[in-house]
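To start, the structure itself, in structure tokens.
First listed ligand is number 1; within each ligand, the first listed atom is number 1. Being a predicted model, the structure only gives us computed values, none of them experimental.
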Amino acid sequence: MSKILIIEDEQAIAELEKDYLEMNGFEIIVCNDGLSGEETALRENIDLIVLDLMLPEVDGYEVCRKVREVKDIPIIMVSAKKEDLDKIYGLGMGADDYMTKPFSPSELVARVKAHMARYSRLVAAKKSDNGDVIEIKSLRIDKTARRVFVGGVEKQFTTKEFDLLVFLAQHPDKVFTKQELFKEIWGLESVGDITTVTVHIKKIREKMEEDPSTPRFIETIWGVGYRFKT
Ligand code: CA
């Protein structure tokens, strides 16, 4: 059963959303503040989040940003003010949809179903891709679940760090320039410059390497770029 997390501080609204979604066969977890919502989103195996913007402790912007760093599940943001949602959209926070309160519960159910269906297709497409799991030395990457283990210990990566690591690990022993990596991972959404690549490689190493100054996995080819060592 698909599990939905509702993060909403207004009890009556949370209950209404919960009832309608449960009637439609979803399992629901409700959190009434941003902090517990964020923790639950990161800890539990959640399939979709209905996220209120104005919340105690940690607001919806922050929750969205934190969750997006590690998960690509659909996030539907709700707010009482349309202007706030326009702002979120403008900020490119990574929410998948926006709804202005008050909305009809059936509208919410319809949108939840649409996003679930889209996300399932996305996951299915990733699964049909050959080689879901990459194993090189003590590194194990589960591409479908987007999880990384080094020596059996799970390491947390942001979306871009993960994409960069997977790209390099999928092309072992091949040298890529920073420009090539930047184009491959950031593509059209790219803003800023190629030093972003250097920064991300540094962060990946800090998470994977016992001694980041003598990397076992991603090697620096001076004056050229990087290579994943086998
Ligand atoms: Ca609120």
Tell me which one of K203, K155, R216 satisfies salt bridge (Lys or Arg N to Asp or Glu O under 4.0 Å) with E209.
R216
Would you call the rings of H171 and F176 parallel, tilted or perpendicular, taking 30° and 60° as the class edges?
perpendicular
With clusters defined by side-chain heavy atoms of hydrophobic residues (ILVMFWY) lying less than 4.5 Å apart, directly or transitively, does M77 cluster with I73?
yes
Shortest non-hydrogen pair, V67 vs L42, comes out as CA-CD2, 4.1 Å
Please indicate how many protein N/O/S atoms are found closer than 3.0 Å to the Ca ion (ligand 1), with waters neither displayed nor included.
3
Side chain to side chain donor-acceptor pair (under 3.5 Å) partners of E38, counting only residues at least two apart
none
In the single-linkage hydrophobic clustering (I, L, V, M, F, W, Y; side-chain heavy atoms under 4.5 Å), do F26 and M1 co-cluster?
no
